[in-house]
Amino acid sequence: MSLIPSRWYIHLLLWLACFIIGLPLIYAIIVATQTNAEVLSFNFSFGTALERNWDAVMNVRKLGNYMLNSTAQALIVTIGKTVLSLLAGLAFVYFRFPGKWLVFGFVLVTLMMPTEILIIALFRFVSSLGWGDNFLAITVPFLASATGAFLFRQHFANLPAELSEAAQLDGANPLQFLFRVLIPISWNTIGALAVIQFVYVWNMYLWPLLIIRDERIQVVQVGLGALRNVDASLTYGPLMLAAVVASVPPVIVFILLQRQFLSGFAITRDK
Amino acid sequence: MNVPIMAMAAAVGAAYMAWVFRQMQRPFWWGLGLGALTGTLGSLLFMTPLDFCTFEPERKPMDNALGVLLVLAGVAIVSYPTGWLARYFLARGEDRKALRGEQVKGAFNAPFFVPLLLLAPTLVILALFLYYPALDLFRLSTLLARLGTPRTAFRCVDNFSRLLDPNFTIVTLGLLIAALVILAVMWFLRRRGDVFRNDVYRTLSSVLPIVLLFLLLSATLDLFEANYRSVVFSTFYIAGWTVSLGLVIGLAVAYLAFQPVKGASIYRTLLIWPYAVSPAIAGIIFFVMFDPVGGIINHVLGQLGLGQPQWLKDPWLARWTIIIASVWKTLGYNILFYIAGLQNIANDLLEAAAIDGANAWQRFYHVVLPGLSPITFFLVITNITYAFFELFGTVDFLTRGGPAGSTSIMIYEIYTRGIIEFDIGRAAAQSIILFIMVIGVTIFQFRTSGRSVSYGA
């Protein structure tokens, strides 16, 4: 693209855009280091209370514990969903079986059922399983999705048929074919699903808010709510510090895998 | 049992199926028979669990109307797929192959249960945690049920009819008249011929979808009683501004970031990261920024002598605070996808336009914008989904639905009714209304995406 020569004002405008988008974060980082008195005096430089705020966040409110729970939840769901989606994609692309279109439709229709709509009924069902306050409640329901199955179905369908024909000539069974041939050439798609899922699960808020009451297994998004009031009144510093710390893992994963993220959506988009 | 209603359903089904059979050039009376059967079954789909309660003599006209709608919905749900199957089986040879879709190459020769075994975990989880709750939601919506108490009472469609109070406003009427006038003018111009060179016709044909969209939104709002209408209004208002501002600003920034400048990938990373920040944390950060005492926004406004708006106390300002937070949160996502979309627009197309003497704005308007339409469509859908569902976290931390319910969007209202107030029946009914909207958007998406992708790069 060389139609519009790059000029200094493009840099200026881009700097401005980055600055405006970054402003909430910059503000949050500054407030995270300040005491309430420093916040209220609107002194826009780093404050003196980072250590104290860190202590309030990590030791009084146990943010680290919430972060561990969220990490475990995000990893379990991401890995589990990737495995189940690989298996589903394999079944849809490399097998003929009666009623395939029916099974496909069964999976397709779930695109219209966001968990958020079903929470009332899901809450009753999961509670009736005795999973209230159980780690199973925030992992198992999210282990399968239409998005994941279709992502791999689309990816496998675009691979040359010679791959599986050659594998069958060599006497490989479907699982050997999956692990020895398909997975090694699918890391980009796996990365795509992984980053989408990791960010989605880490940022999940409504469902854990409903189903988990036990602080010991609560996830970080809900745990943040307890930081509104560390002392008697609103405490800005610890709240902002926790918000910044809790955003670090998904932002890093997203930035590192942004290319895969994009390609994952591009594949599901034109199915 | 309610014979007149079932007869009506059978007649509707029969008419539809007769039309399908005539299209397939088969005797239409076969269709009449099949359609009467699917129509009758369709009427029973919702009415068996409801036991035709909406047509009991003491019921109000609203309940009767809901009953008719439910019967018709049931007829459609049973008849439409049957019609599709009938088309498939009536088609001959080659046509049937086309309907069946691509054949599998390089398939494994395995007994039929092997693929089903591979699919089993996915299917079981979808059935247990999506299908079963979805069905249960319909059952719950007919009940007076409280969270934590096992006893329930059947309430027919009361949970729905208490949300409804159709009352068509002057706005809807005005939009309807505008749409009709536009259609009439377009029809008139078309009769005079040569419409593709006519600027008036082109303008009207691009305005018409917008008028129809607003007509649809306004008519939807008019269906509900005052309190719930304000909930639906807030949802549409916040979603509408989030989508339109997010896309326009996102495209503008993406157009900048797409220019080949030094450090483009660093700029890009600095622009898109807010996508990964959670909606709840966006709510927390903006809550502190807009705080009347310690927030930076009012401090800066005060320094500039612009007063001290009570962001979270005034209904409109509170909605706008939510909109600002949600635009900030979705902007990174929109920028990321628009940059990718811009990279897909063929360079030679732009160069050809430049050689033809198109200036920068003309190139943008006539080449770039149409080229981005598939990605814009995709972003509209994902942004709407974000504003309808994921915004919950932002609302909960920023305004808790207040002041006076002005930022209580539909998903937040479900949470308040069902979980805070324990009224599961009413929350389930509201969930189903939201469900219907999602189904509407999804069907629209499926029907149009085929077309919009076709001229994509």
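Throughout, a chain's letter reflects where its sequence line sits, starting with A, and its residues are numbered from 1. Keep in mind that the numbers below use all heavy atoms, side chains included, and drop hydrogens, waters and symmetry copies.
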Region of Ala246(A) in contact with chain B, defined by heavy-atom distances below 4.5 Å
both

Minimum heavy-atom separation for Met113(A) and Tyr131(B), please, with both atom names.
CE-CE2, 3.6 Å

Atom CG of Leu391(B) and atom CD of Glu116(A): how far apart are they, to the nearest 0.5 Å?
11.5 Å

If you tally heavy-atom pairs under 4.5 Å between each of Leu14(A), Leu143(A), Leu118(A) and chain B, the highest tally belongs to Leu14(A)

Measure the spacing between CG of Leu122(A) and CG of Asp136(B) and express it to the nearest 0.5 Å.
10.0 Å

State, with a plain yes or no, whether a side-chain heavy atom of Pro274(B) is found less than 4.5 Å away from one of Ile21(A).
yes

Residue Trp273(B) versus chain A: region with a heavy atom under 4.5 Å
both

Please look at Leu140(B) and chain A and tell me whether the side chain, the backbone, both or neither of the residue comes under 4.5 angstrom of a heavy atom of that chain.
side chain

List the steps, then state whether side-chain contact (heavy atoms from CB on, under 4.5 Å) holds for Val251(A) with Val277(B).
CA-CA 7 Å; Val251(A) 170; Val277(B) 174; 4.0 Å; yes

Would you mind reporting whether Pro24(A) and Phe286(B) have side-chain heavy atoms less than 4.5 Å apart?
yes

What closest approach, in Å, do Ala91(A) and Pro115(B) show between heavy atoms, and which atom pair accounts for it?
CB-O, 3.6 Å

The reported gap from CE in Met112(A) to CG in Leu130(B) (rounded to nearest 0.5 angstrom) is 12.0 Å

Among the options Glu162(A), Lys81(A), Gln221(A), pick out the one with the most heavy-atom pairs lying under 4.5 Å from chain B.
Gln221(A)

Minimum heavy-atom separation for Phe112(B) and Phe97(A), please, with both atom names.
O-CB, 4.2 Å

Which atoms of Phe113(B) come close to chain A, meaning under 4.5 Å heavy atom to heavy atom: side chain ones, backbone ones, both, or neither?
neither

Identify which part of Arg417(B) has an atom lying under 4.5 Å from any heavy atom of chain A, answering side chain, backbone, both or neither.
neither

May I have the step-by-step check of ring-ring contact (aromatic ring centres under 6.0 Å, His included) for Phe129(B) and Phe125(A), ending in yes or no?
CA-CA 8 Å; Phe129(B) 298 104; Phe125(A) 175 58; 5.8 Å; yes

Report yes if some heavy atom in the side chain of Leu118(B) is under 4.5 Å from a heavy atom in the side chain of Leu175(A); otherwise report no.
yes

Give a yes or no on whether the backbone of Ala276(B) and the side-chain of Asn203(A) come within a donor-acceptor separation of less than 3.5 Å.
yes

Could you go through Phe389(B) and Leu206(A), starting from their C-alpha distance and side-chain angles, then the distance that decides it, and tell me whether this counts as side-chain contact (heavy atoms from CB on, under 4.5 Å)?
CA-CA 9 Å; Phe389(B) 300 119; Leu206(A) 176 55; over 6 Å; no

Residue part contacting chain B, namely of Phe123(A), when any heavy atom lies under 4.5 Å:
side chain

Bottom line for Leu331(B): the part with an atom under 4.5 Å from chain A's heavy atoms is side chain

In terms of heavy-atom pairs under 4.5 Å with chain A, which of Asp396(B), Leu434(B), Ile439(B) leads?
Asp396(B)

Residue from Leu342(B), Leu270(B), Thr385(B), Leu256(B) scoring the most non-hydrogen pairs under 4.5 Å with chain A is Leu256(B)

Chain A heavy atoms under 4.5 Å from Leu117(B): which part of the residue, side chain, backbone, both or neither?
neither

Please say which of Ile125(B), Val124(B), Leu119(B), Leu123(B) ends up in a side-chain contact (heavy atoms from CB on, under 4.5 Å) with Leu84(A).
Ile125(B)

Check step by step if side-chain contact (heavy atoms from CB on, under 4.5 Å) holds for Leu336(B) and Phe254(A).
CA-CA 12 Å; Leu336(B) 181 67; Phe254(A) 175 62; 4.0 Å; yes

Selection from Val293(B), Ile414(B), Ile296(B) maximising heavy-atom pairs under 4.5 Å formed with chain A
Ile296(B)

Val140(A) and Leu128(B), any side-chain heavy atoms less than 4.5 Å apart
no

Region of Phe106(A) in contact with chain B, defined by heavy-atom distances below 4.5 Å:
both

With a 4.5 angstrom heavy-atom cut-off, which part of Ile424(B) approaches chain A: side chain, backbone, both or neither?
both

Identify which of Gly295(B), Ala427(B), Pro111(B) forms the greatest number of heavy-atom pairs closer than 4.5 Å to chain A.
Gly295(B)

Portion of Ala172(A) that has a non-hydrogen atom of chain B nearer than 4.5 angstrom:
backbone

Determine the interplanar angle of the Phe392(B) and Tyr205(A) rings, folded into 0 to 90°, and report it as parallel if under 30°, tilted if 30 to 60°, perpendicular if over 60°.
tilted

Between Leu209(A) and chain B, which part of the residue has a heavy atom less than 4.5 Å away: side chain, backbone, both or neither?
side chain

Which bit of Phe388(B) comes within less than 4.5 Å of chain A, counting heavy atoms only: side chain, backbone, both or neither?
neither

Closest non-hydrogen atom pair, Arg124(A) against Arg139(B)
NH2-NH2, 3.6 Å

Going by heavy atoms in the side chains, are Cys18(A) and Leu271(B) under 4.5 Å from each other?
yes

Residue part contacting chain B, namely of Pro114(A), when any heavy atom lies under 4.5 Å
side chain

When rounded to the nearest 0.5 Å, the distance separating CD1 of Ile117(A) from CD1 of Ile432(B) is 10.0 Å

Please walk me through it: do Ser85(A) and Thr122(B) pass side-chain contact (heavy atoms from CB on, under 4.5 Å)?
CA-CA 8 Å; Ser85(A) 303; Thr122(B) 300; over 6 Å; no

Taking every heavy-atom pair that is under 4.5 Å apart, which of Thr269(B), Val441(B), Ile335(B) has the most such pairs with chain A?
Thr269(B)

Relative to chain A, which segment of Leu116(B) carries a heavy atom at a distance below 4.5 Å: side chain, backbone, both, or neither?
side chain

Interchain contact, Ala127(B) with chain A, by part (heavy-atom threshold 4.5 Å):
both

For atom CG of Leu256(A), is the number of surrounding heavy atoms from other residues, nucleotides or ligands below 6.0 Å larger than 12?
yes

I'd like to verify something: which residue of Val199(A), Leu23(A), Val109(A), Thr110(A) has the highest number of heavy-atom pairs under 4.5 Å with chain B?
Thr110(A)

Could you tell me the separation between the CH2 atom of Trp15(A) and the OH atom of Tyr267(B), rounded to the nearest 0.5 Å?
6.0 Å

Between Ala107(B) and Gln168(A), the two heavy atoms sitting closest are O-NE2, 3.2 Å

Tell me which of these, Phe177(A), Phe142(A), Trp101(A), Trp202(A), has more heavy-atom pairs under 4.5 Å with chain B than the rest.
Phe177(A)

When rounded to the nearest 0.5 angstrom, what distance separates CG in Leu13(A) from CD in Gln259(B)?
10.5 Å

Indicate the atoms forming the closest heavy-atom contact of Ala243(A) with Ile285(B), along with that distance.
CB-CG1, 4.4 Å

